[in-house]
Amino acid sequence: MDFHLVDSLSSIGNFVKVLQECEVVGLDVETDKLDPFTHTWLLLQLEMNGSIYVFDVRKIGIPNITYIIQLLKDTNKLIIGHNLKFDFKIIYHNTKEILTNCFDTMLAETMIYNGLNKNYYCSLETLVKNYFDVDLDKEIRKTFFNFTGELTNQQLYYAAEDVQYLSRIKDIQLKKLIEQKQEKVVELEMSLVPVFMHIEYTGIYLNKEDWLKNKDFAEKQIVITKDKLMQYILNNIKFDQYENAIAVVERFKILQKNKLTKSLKLILETLRGEFIKGYFEGQFNLDSPIQLKVVLNELGIPVEDTNEKTLLKYQKHEIISTILEYRGYTKQITTYGEKFLDHINPATGMIHTQYNQLGAASGRLSSDSPNLQNQPAKQSFRQCYQARPGYKILTIDYSQAELRLAGAVSKEPEFINSFLNGIDLHTKTASFLFDKDVSQVSHSERARGKSLNFATLYGSSAYGLTYNFGIPTDDAEKYLQKFSNGYKVLSNFKEGFENKIWENKFTTTVIGRKRYFEDKRVYKDAYERDRYIAKIKREGFNHLIQGGIGDTIKIAMKNIFYENPFGHDNLIILLQTHDELCVEIQEDILDAGKEFVLNKMLDAERLFLGEIPAKADCFINLFWTKE
DNA sequence: CATGAAAGCGCC
DNA sequence: AAAGGGCGCTTTCATG
């Protein structure tokens with residue numbers, strides 16, 4: 001290994017010459033913490049044509065490191081790294097420079113095996129092992145955590161090793177990706193690394209006081225609903241039919257198996273009458289689906305499980321709505337309560353989510369720590385996400401994006417004409433289901449139409465319609481038939497597409513994003529095989545549509561970021577929620593900023609819609625809103 | 001006590 | 001016997 005330690009300006013040697021002569025640069029950083037706001041930057045490692053330069057950041061100092069980063073930027077070398085979003089964040093925090101021309105080996109690996117690599121660990125160690133049969137020492141990397149003092153030669157050596165294989169991994173991966181015809185996807189995803197870096201680093205402000213008001217209200221409601229439920233249960237279950245408390249424990253499963261000790265058993269055997277009731281009251285856990293199911297059964301409600309859809313079938317029992325009410329408020333406390341505020345970073349006062357740009361096999365993002373893509377849609381929660389003083393928040397979402405794309409890829413004339421003429425597609429579908437003119441469709445009929453439209457996108461069967469939408473079994477089959485009669489072109493397209501999925505074992509979105517499916521080859525019986533084929537047909541068609549929208553909004557985000565004429569200080573993406581962007585805009589450029597974002601979103605959508613018009617709805621307020 | 005699966009539910 | 005796609009988080013419960 002051609003190793004150079006740079007711990008003083010005089011030890012920089014031929015670095016500049018080596019940099020200028022190279023094509024690509026492998027890059028990695030070592031820090032003492034993962035938090036970009038409170039870490040100490042220890043090392044910057046660069047690999048160029050086999051030469052590895054390890055910069056001791058603490059000794060060289062940030063100003064000189066900034067110069068090195070600017071050199072990388074100005075020479076516009078392709079930067080190769082593993083999970084570069086992290087490295088770029090450290091670099092941005094310390095130098096305020098944003099590197100853009102990059103190739104991320106972690107993202108590349110995920111793309112190559114998309115759909116197959118659910119449980120495949122895409123660590124650098126795994127890649128180096130798989131591609132070169134070399135073992136990297138994982139343990140030594142942990143020694144940087146909370147590190148202070150003088151770095152050992154061993155640490156410097158292993159830091160260097162982390163950049164040693166990057167460009168060779170990239171060559172192998174790029175070859176595969178080109179064979180897979182995923183060039184466009186590579187270009188898009190790599191260009192997004194700095195975009196998500198910047199969004200995560202910026203964060204979003206959450207008003208604590210407003211947030212906690214929801215919690216306070218929910219807590220009160222929980223007390224009320226819980227009390228109501230307990231009273232109902234105690235009054236309507238005949239506890240005196242049980243011989244003793246043991247019988248109640250066994251029937252209602254109100255004790256974990258290992259909790260029922262011999263001594264406790266002795267006591268419980270002696271409990272009778274009202275004492276049994278009292279014991280049950282103290283022990284019953286409303287949050288336990290297992291216990292709740294038995295209770296409901298005892299109350300004469302024959303539920304097979306206790307999820308919301310099942311419970312809704314038994315709505316006529318007064319207790320059901322109270323249970324659902326209780327559940328809703330519980331969620332507001334557990335997931336969206338006080339603990340959620342721990343996600344506010346103390347150093348910045350902001351929430352910095354993590355976006356996983358290939359988090360979903362469909363090509364959608366996912367978000368975690370916290371997940372900001374499943375925040376309650378209720379205004380009382382959303383309005384807590386607020387703009388900084390002097391700014392406003394533009395919330396902008398695509399209108400019926402998936403149906404538009406389905407119409408475009410299938411070239412279904414009924415879809416195309418409806419969108420061209422401003423006819424609501426849910427109403428249009430209802431007009432087919434109920435054999436009437438769109439002008440005669442009622443509110444509830446439109447709701448059925450909407451169900452059918454979604455059922456088609458998600459590949460629902462007649463039974464699924466019954467189960468999930470409460471549509472009568474007799475009607476479900478009929479509706480599906482009327483749907484395919486009404487939209488013949490779409491139905492034929494879908495069938496042809498789905499047959500190809502099984503043939504090819506992969507699907508491709510509008511920009512060439514691949515999702516692969518495995519052929520399990522061994523099936524218990526023909527029935528299991530058919531079910532598996534049906535499953536990947538659903539997933540594959542969904543990949544085409546959902547993934548296509550994922551591609552669309554990613555393209556929009558890329559262009560908003562790179563073509564932003566106002567500067568990142570004045571117009572900044574805060575959130576993405578699959579078909580929606582939340583953008584903070586400085587008040588003085590509000591109108592121009594809104595037009596810019598809207599046009600970028602529409603331009604991206606137009607790439608794939610053919611003659612169907614692109615559409616997005618804008619909302620401007622002091623906070624995140626869709627009203 | 002730690003870990004992982006399953007159930008349930010928040011969002012698009 | 002199963003039964004619409006894509007996620008992440010919290011709780012319960014079993015297991016080691």
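Each chain gets a letter, A, B and so on, in the order its sequence line appears, and its residues count up from 1. Quick caveat, the model's predicted, so the values are computed rather than measured. FYI, side chains are in, hydrogens and waters are out, and symmetry mates aren't considered; it's all heavy atoms of this structure.
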Base, sugar-phosphate, or nothing: which does [X] touch, judged by heavy atoms less than 4.0 Å apart?
{"X": "A/Ser369", "value": "sugar-phosphate"}
{"X": "A/Ser367", "value": "sugar-phosphate"}
{"X": "A/Gln375", "value": "sugar-phosphate"}
{"X": "A/Asn285", "value": "sugar-phosphate"}
{"X": "A/Phe340", "value": "nothing"}
{"X": "A/Leu365", "value": "nothing"}

Would you say the base of [N] and the side-chain of [X] have a donor-acceptor pair closer than 3.5 Å?
{"X": "A/Glu539", "N": "C/dG5", "value": "no"}
{"X": "A/Tyr527", "N": "C/dA1", "value": "yes"}
{"X": "A/Asn371", "N": "C/dG8", "value": "no"}
{"X": "A/Tyr463", "N": "C/dA3", "value": "yes"}

Hey, what's the ring geometry for A/Phe454 with A/Tyr458, parallel, tilted or perpendicular (30° and 60° as the breaks)?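 Rings of A/Phe454 and A/Tyr458: tilted, as their planes differ by 30° to 60°.
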Could you give the [atom1]-to-[atom2] distance, from [X] to [N], as a whole number of Å?
{"X": "A/Phe469", "N": "C/dG4", "atom1": "CZ", "atom2": "P", "answer": "10 Å"}
{"X": "A/Lys535", "N": "C/dA1", "atom1": "NZ", "atom2": "C1'", "answer": "16 Å"}
{"X": "A/Asp579", "N": "C/dC7", "atom1": "CG", "atom2": "C1'", "answer": "14 Å"}

Mapping A/Lys309 and A/Lys339 to their closest nucleotides on DNA chain C, which lands nearer the 5' end?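 The residue closer to the strand's 5' end, by nearest nucleotide, is A/Lys309.
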So, A/Gln400 and A/Asn453: side-chain donor and acceptor under 3.5 Å apart, yes or no?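 There is no such pair between these side chains.
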Please give the distance between the P atoms of B/dA6 and C/dA3 as a whole number of Å.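 Pairwise P distance, B/dA6 against C/dA3, rounds to 15 Å.
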Using the side-chain heavy atoms of [X], tell me which of these nucleotides is nearest: [options].
{"X": "A/Gln256", "options": "C/dG5, C/dG4, C/dA14", "value": "C/dA14"}
{"X": "A/Asn374", "options": "C/dT15, B/dG10, C/dC13", "value": "B/dG10"}
{"X": "A/Arg531", "options": "C/dG6, C/dA2, C/dG4", "value": "C/dA2"}
{"X": "A/Gln291", "options": "B/dC9, C/dC13, C/dG5", "value": "C/dC13"}
{"X": "A/Tyr458", "options": "C/dG4, B/dC12, C/dT12", "value": "C/dG4"}

Under 4.0 Å: is that the gap between some side-chain N or O of [X] and OP1 or OP2 of [N]?
{"X": "A/Arg327", "N": "B/dG10", "result": "no"}
{"X": "A/Ser288", "N": "C/dC13", "result": "yes"}
{"X": "A/Arg538", "N": "C/dG5", "result": "yes"}

Expected rows: protein N/O vs nucleotides 2-7 of chain B N/O, under 3.5 Å:
none

Using modelled atom types only, decide if a donor and an acceptor are shared between the side chain of A/Lys554 and the backbone of A/Leu192 within a distance under 3.5 Å.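 Pair absent, no side-chain N/O of A/Lys554 close to backbone of A/Leu192.
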Stacked cation flag A/Lys213 on A/Trp211, 6.0 angstrom / 45 deg: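 No cation-pi geometry.
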Do A/Ile393 and A/Tyr385 come within less than 4.5 Å of each other through their side chains, counting heavy atoms only?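 A/Ile393 vs A/Tyr385: side chains apart.
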Could you give me the CA-CA distance, side-chain angles and deciding distance for A/Phe434 and A/Tyr479, then say whether ring-ring contact (aromatic ring centres under 6.0 Å, His included) is met? CA-CA 9 Å; A/Phe434 301 104; A/Tyr479 288 155; 5.7 Å; yes
Identify whether the distance between the nearest side-chain nitrogen and carboxylate oxygen of A/Glu627 and A/Arg382 falls below 4.0 Å.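 Result for this pair is no, no salt bridge flagged.
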